[in-house]
Amino acid sequence: MNKTLIATLLAIACGSAGAAELDLRTGYDTGMDKWFSRALIGHQWDSGIGGWMELTANQSSGSDEGYDSFTAGDNEAAVYYNYKLNDQLSLVPGVAHVWNKEGSETRPYVELRWKLSETLSINPRYRYQQGHIDTNSANEKVKAHNYSIWATWKANDHVHFSLNPEYTKRVSGPDFNQFAGDDMFELGLQTRFVSVSKDFTPYFDIRYVDKGDKNGQEVNRTWVRVGVKIPL
């Protein structure tokens with residue numbers, strides 16, 4: 001992994017005490033019958049430079065395996081720059097690097113943060129994904145295009161809702177699975193409870209994730225997730 005990216009993320013974790021945010025989340029994949037968790041620490045400085053570091057893990061809910069059946073999932077590190085165009089618009093170029101036991105991807109992206117009003121904002125993003133994945137036959141190169149939009153509505157001072165459709169199209173490398181093929185559609189809905197406490201912000205989301213392959217059987221996947229954001 002790029003040494004500069006690692007150094008930047010270490011600075012976020014170690015050098016921004018009192019300003020960083022910790023995001024802890026756990027969830028359940030209904031189709032694959034799996035639990036998963038993640039921890040993320042991130043920060044954006046007044047200059048507009050920011051980044052995050054994320055670690056995920058998978059746990060099994062099978063009858064012969066308990067919550068202690070714990071395996072490492074994806075790791076992700078990212079840096080970005082929030083360039084403010086005016087009071088309503090910001091352009092955010094960035095790059096993330098994702099890696100796990102099966103391979104890694106580098107994901108440069110550009111995001112537009114658009115504040116339409118005091119209660120409504122829309123953030124479209126394009127991301128290019130390139131890396132490799134280890135299969136039974138070879139180490140295959142992977143390339144994909146990812147399109148995503150976050151639409152956030154502040155219902156009041158305490159409850160915010162976000163809708164997030166996302167589409168990924170692989171142009172090289174193996175299919176996601178035999179049922180989804182080379183494209184993946186997701187749709188998420190998140191509810192955040194802000195101003196509940198100055199020490200934390202709880203949230204809940206539910207996310208449809210395209211078709212899955214569970215032991216050769218097609219399954220419909222929904223992620224149910226709960227989490228909390230904690231300022232440090």
Side-chain angles (χ1 to χ4, degrees), residues 1-3 5-6 8-10 12-13 21-43 50-61 65 67-80 94-109 111 125 127-136 139-148 150 164 166-170 172-177 180 182-188 190 203 205-214 221-229:
M1 183 182 168
N2 186 280
K3 293 181 179 179
L5 193 58
I6 295 176
T8 303
L9 269 298
L10 287 174
I12 292 170
E21 182 179 69
L22 178 65
D23 187 335
L24 302 175
R25 185 182 70 198
T26 190
Y28 179 66
D29 185 330
T30 61
M32 304 303 289
D33 192 24
K34 295 288 184 181
W35 290 92
F36 52 92
S37 301
R38 79 101 185 264
L40 179 151
I41 185 169
H43 176 61
W52 69 84
M53 178 74 186
E54 179 184 60
L55 304 175
T56 66
N58 303 307
Q59 302 94 32
S60 173
S61 62
E65 297 178 285
Y67 196 79
D68 58 346
S69 177
F70 186 96
T71 58
D74 291 344
N75 306 293
E76 180 172 316
V79 292
Y80 64 85
V95 60
H97 187 79
V98 181
W99 70 101
N100 56 36
K101 64 181 181 179
E102 296 178 346
S104 65
E105 283 188 357
T106 299
R107 300 175 173 180
Y109 68 89
E111 177 181 342
R125 183 194 69 191
R127 185 176 69 200
Y128 178 70
Q129 302 176 185
Q130 179 172 303
H132 68 277
I133 184 171
D134 294 326
T135 66
N136 293 330
N139 187 302
E140 296 192 62
K141 291 183 178 180
V142 176
K143 295 181 181 180
H145 301 286
N146 174 274
Y147 307 89
S148 179
W150 279 94
N164 173 221
E166 183 169 339
Y167 174 73
T168 304
K169 175 69 174 181
R170 274 192 177 163
S172 70
D175 290 344
F176 289 102
N177 59 64
D182 60 5
D183 57 356
M184 179 75 71
F185 176 74
E186 303 178 26
L187 181 62
Q190 182 180 101
Y203 62 90
D205 66 50
I206 185 167
R207 188 172 191 85
Y208 166 77
V209 182
D210 220 325
K211 303 177 183 67
D213 182 348
K214 183 180 181 182
R221 302 174 64 191
T222 301
W223 293 351
V224 181
R225 306 186 291 194
V226 293
V228 60
K229 298 177 183 287

Please name the pair of heavy atoms, one in M53 and one in A77, separated by the smallest distance, quoted to 0.1 Å. SD-CB, 3.7 Å
Is any side-chain heavy atom of [Y] closer than 4.5 Å to one of [X]?
{"X": "Q130", "Y": "T106", "result": "no"}
{"X": "Q129", "Y": "T168", "result": "yes"}
{"X": "V142", "Y": "R170", "result": "yes"}

R221 vs D210, test: salt bridge (Lys or Arg N to Asp or Glu O under 4.0 Å). Steps then yes/no. CA-CA 6 Å; R221 302 174 64 191; D210 220 325; over 6 Å; no
Donor-acceptor under 3.5 Å ([X] side chain, [Y] main chain):
{"X": "T222", "Y": "T30", "result": "no"}
{"X": "D29", "Y": "F36", "result": "no"}
{"X": "S148", "Y": "R125", "result": "no"}

For a side-chain contact (heavy atoms from CB on, under 4.5 Å) check, start with the C-alpha distance between Y167 and H145, then their side-chain angles and the critical distance, and finish with the verdict. CA-CA 8 Å; Y167 174 73; H145 301 286; over 6 Å; no
Please determine whether side-chain contact (heavy atoms from CB on, under 4.5 Å) holds for the pair E166 and R127, giving the CA-CA distance in whole Å, both sets of side-chain angles, and the decisive distance to 0.1 Å. CA-CA 11 Å; E166 183 169 339; R127 185 176 69 200; 3.9 Å; yes
Criterion side-chain contact (heavy atoms from CB on, under 4.5 Å) on M184 and V209, from CA distance to verdict: CA-CA 8 Å; M184 179 75 71; V209 182; 4.2 Å; yes
Quick one, Y203 with R25, criterion side-chain contact (heavy atoms from CB on, under 4.5 Å). Give me CA distance, side-chain angles, the key distance, then yes/no. CA-CA 9 Å; Y203 62 90; R25 185 182 70 198; 3.4 Å; yes
Charged N-O contact under 4.0 Å between D23 and R38: yes
Qualifying residues under ring-ring contact (aromatic ring centres under 6.0 Å, His included), relative to Y147, sequence neighbours excluded: Y126
Point-to-point distance, once rounded to the nearest 0.5 Å, from NE2 of H132 to CD of E140: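 Separation between the atoms: 11.5 Å.
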